[in-house]
> 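Dropping a structure here in structure tokens format, bear with me for questions.
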Amino acid sequence: MALASSFHGSLAIAISLLQMAFVLFLAPLLYGWIGTVRAILQNRSPAGILQPWRNLVRLFRKEMILPEGHSPLFLAVPPLFFSIMAVAALLVPFLGTSPPLAPVADAVTLVGLFSLARFSMAMAAMDLGTPFGDMGGRREMMVAFLTEPATLMILFTVSLWSGSTSIPSILTSFSKGPLPFHPSLLIAAMAFILVFLGENARLPIDNPSTHLELTMIHEAMLLEYSGPLLALMEWGSMQKLLLYLLLGIDFFAPAGIPRTFALSGLLEGGILLLGKLFILGALLALIESLFAKLRIFRVPEFTALAYLLSTLGFLLHFVLEG
Amino acid sequence: MAASFVSPPTSPLVGFLGSALLLSSFAMLSMRRMASLVRIFALQGILLTLSTLSVALAAGEPHLFFSALFTLAFKVLLLPILLFRLLERLHIRGEVEVLLNVPTTMVVGLFVVVFSFALAAPISEMANTVSRGLIGVGLAALLLSFLMMITRRKAVTQVLGFLGMENALFFSAINATYGMPMVVELGVAFDVLVGTFVFGIFFFQIRETFESFDLKHMDNTPTE
């Protein structure tokens, strides 16, 4: 089969499982790290890196209370959301430049998966007909309508170097030599930061730690969930954050990702990757401590800026880099 | 489309400073506060200076160092100081008033960029400077400043748009032909300086006559 062309069956499965386990395990830790840095920057005493894990375990133990009048959709979405993110973890190469699922690891597929996740989440939020869920779903779609094309433009900009939107071939085209200082990539990276903040409900767009009714976007959609279902949703969102960071590392700081899955390279690459995530998490916490939340009506301006930057990067590639 | 856009690769530093200049033009379009607008204008002056320096180094053209020096003196120091004093003396503190809202202006600006890149591609092919790919960027910055003049209401923002156009012209000249002759450059710089003084006096006159800086009042001025 075309799948796992360079691997034998069981090895391919082992590597895939390793990749998925890595994301599943690391995502709450990254969340905890961001929370810790934020707490330190804001003069609060941090709850520790393990706090999100403790929350998840507690939520899994809790009883599930279902709201009146829910449809099967309401029950189906959390497992769906969670598994979309787990599948996406197989498509983003981070332990080696060509994961076993390399033939299907297309950036456009990935964006499609993320938008399916977003769509299902918004549908579940609207399912009960409560005003907050409804509002959250609508706002989420309002943020997404420009971040999604911006994400695509960023993908096209980075894929101009390899001529293909397949993530492994983008990575291979970048790993040919030390990456020089390319204006189009720098501008695409700026756009990616804006998209990242918008897509993951981070601070200038949405405050991830608020439950203040009128300002929340992401939390409003999860308001009716409790117990294990809430845990699945939250774990899924943490995975999404980690996957976006990994995607950013793939595109804009790919140095050190090993080409093959040899054990020594895996260790070295893994440590380097953890270091990068460590720094990026701290930077995210810094951004979140420096900026105030935008008014909701200014959000389209923010996302329009992301789209503008990504398109400019794309155009400048032709003018400056031929 | 791709074939007509392609021009030879530019040195990354020159290219980056050029792209930063283009971004600063967009920043001017998106700013809402008058004082930040002047600050962005000063920043654009700094980028223009650095980009002139980088072209001077890449091409080995010594006279461009003087151009960079003049740019620094006029556009980073003198004009922003003048503008800030003007804002202070006229007690202008409010927000920029726009005819088109900011996201729409951005999208229009994007089309302007595509248009000018396509327009400049044949010119870039004829030029033989190290930074010929940036002619399109200069043209785009020029048209964006023009867009700013069209879509803003107050007189002060129009003057800033005008100054932005002058920056963009200077940038295009450097990238197309390593700058105009020194006499022309100096002449233009002094013209712009005098122009800003005249505009300053003009502002006071506008305010005395209409008690507002909104240019729509000038449409129905009695003509005798």
Side-chain angles (χ1 to χ4, degrees), chain A residues 142-143 145-147 149-150 152-154 156-157 159-161 163-164 174 177-194 198 204-205 252 292 294-322, chain B residues 1-23 25-27 29-32 51 98 101-121 123-125 130-141 144 175:
Chain A
M142 185 187 85
V143 175
F145 95 100
L146 273 173
T147 54
L152 281 174
M153 285 313 287
I154 294 167
F156 294 152
T157 309
S159 62
L160 285 173
W161 302 93
S164 147
F174 282 164
L179 203 62
F181 183 60
H182 286 301
S184 72
L185 284 181
L186 278 169
I187 292 177
M190 284 194 253
F192 188 81
I193 294 173
L194 300 186
I205 302 295
F252 306 113
L294 282 177
R295 272 176 63 204
I296 192 90
F297 296 113
R298 287 281 161 87
V299 168
E301 264 172 48
F302 183 89
T303 47
L305 184 66
Y307 181 70
L308 174 88
L309 283 175
S310 56
T311 313
L312 274 185
F314 184 79
L315 292 173
L316 282 172
H317 174 83
F318 292 107
V319 176
L320 298 180
E321 290 145 13
Chain B
M1 179 177 107
S4 65
F5 262 12
V6 172
S7 51
T10 315
S11 117
L13 180 67
V14 177
F16 175 68
L17 288 168
S19 338
L21 192 98
L22 187 58
L23 286 186
S25 296
F26 270 106
L29 266 182
S30 69
M31 278 300 140
R32 285 168 185 283
S51 131
V98 293
N101 68 6
V102 172
T104 318
T105 326
M106 296 284 207
V107 175
V108 175
L110 211 50
F111 281 107
V112 165
V113 172
V114 174
F115 173 74
S116 28
F117 282 3
L119 195 67
I123 308 174
S124 299
E125 267 162 40
V130 288
S131 53
R132 51 191 175 276
L134 283 171
I135 298 173
V137 174
L139 189 60
L144 284 174
N175 292 310

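Reminder, nothing fancy here: chain letters follow the sequence lines and each chain counts from 1.
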> Do you know the tightest heavy-atom contact between B:L139 and B:A120?
CD2-CB, 4.4 Å
> Side-chain donor-acceptor contacts of residues 109-117 of chain B below 3.5 Å, not counting sequence neighbours, with atom names and distances?
| from | atom 1 | to | atom 2 | distance (Å) |
| --- | --- | --- | --- | --- |
| B:S116 | OG | B:V112 | O | 2.6 |
| B:S116 | OG | B:V113 | O | 3.3 |

> Using heavy-atom distances under 4.5 Å, tell me whether B:I135 contacts chain A through its side chain, its backbone, both, or neither.
neither
> Measure A:I187 against the heavy atoms of chain B and call it side chain, backbone, both or neither at under 4.5 Å.
side chain
> Between B:S30 and B:M106, what is the shortest heavy-atom contact and its length?
CB-CE, 3.2 Å
> With a 4.5 angstrom heavy-atom cut-off, is it the side chain or the backbone of A:L309 that approaches chain B, or both, or neither?
side chain
> So what's closer than 4.5 Å to chain A heavy atoms on B:V107: side chain, backbone, both or neither?
neither
> Does any backbone or side-chain atom of B:L17 lie under 4.5 Å from a heavy atom of chain A? Answer side chain, backbone, both or neither.
neither
> Heavy atoms only: give me the nearest A:I154-A:S310 pair and the separation to one decimal.
CG1-CB, 3.6 Å
> Return the set of residues passing side chain to side chain donor-acceptor pair (under 3.5 Å) with B:S25 (not counting sequence neighbours), or none when no residue passes.
B:Q44
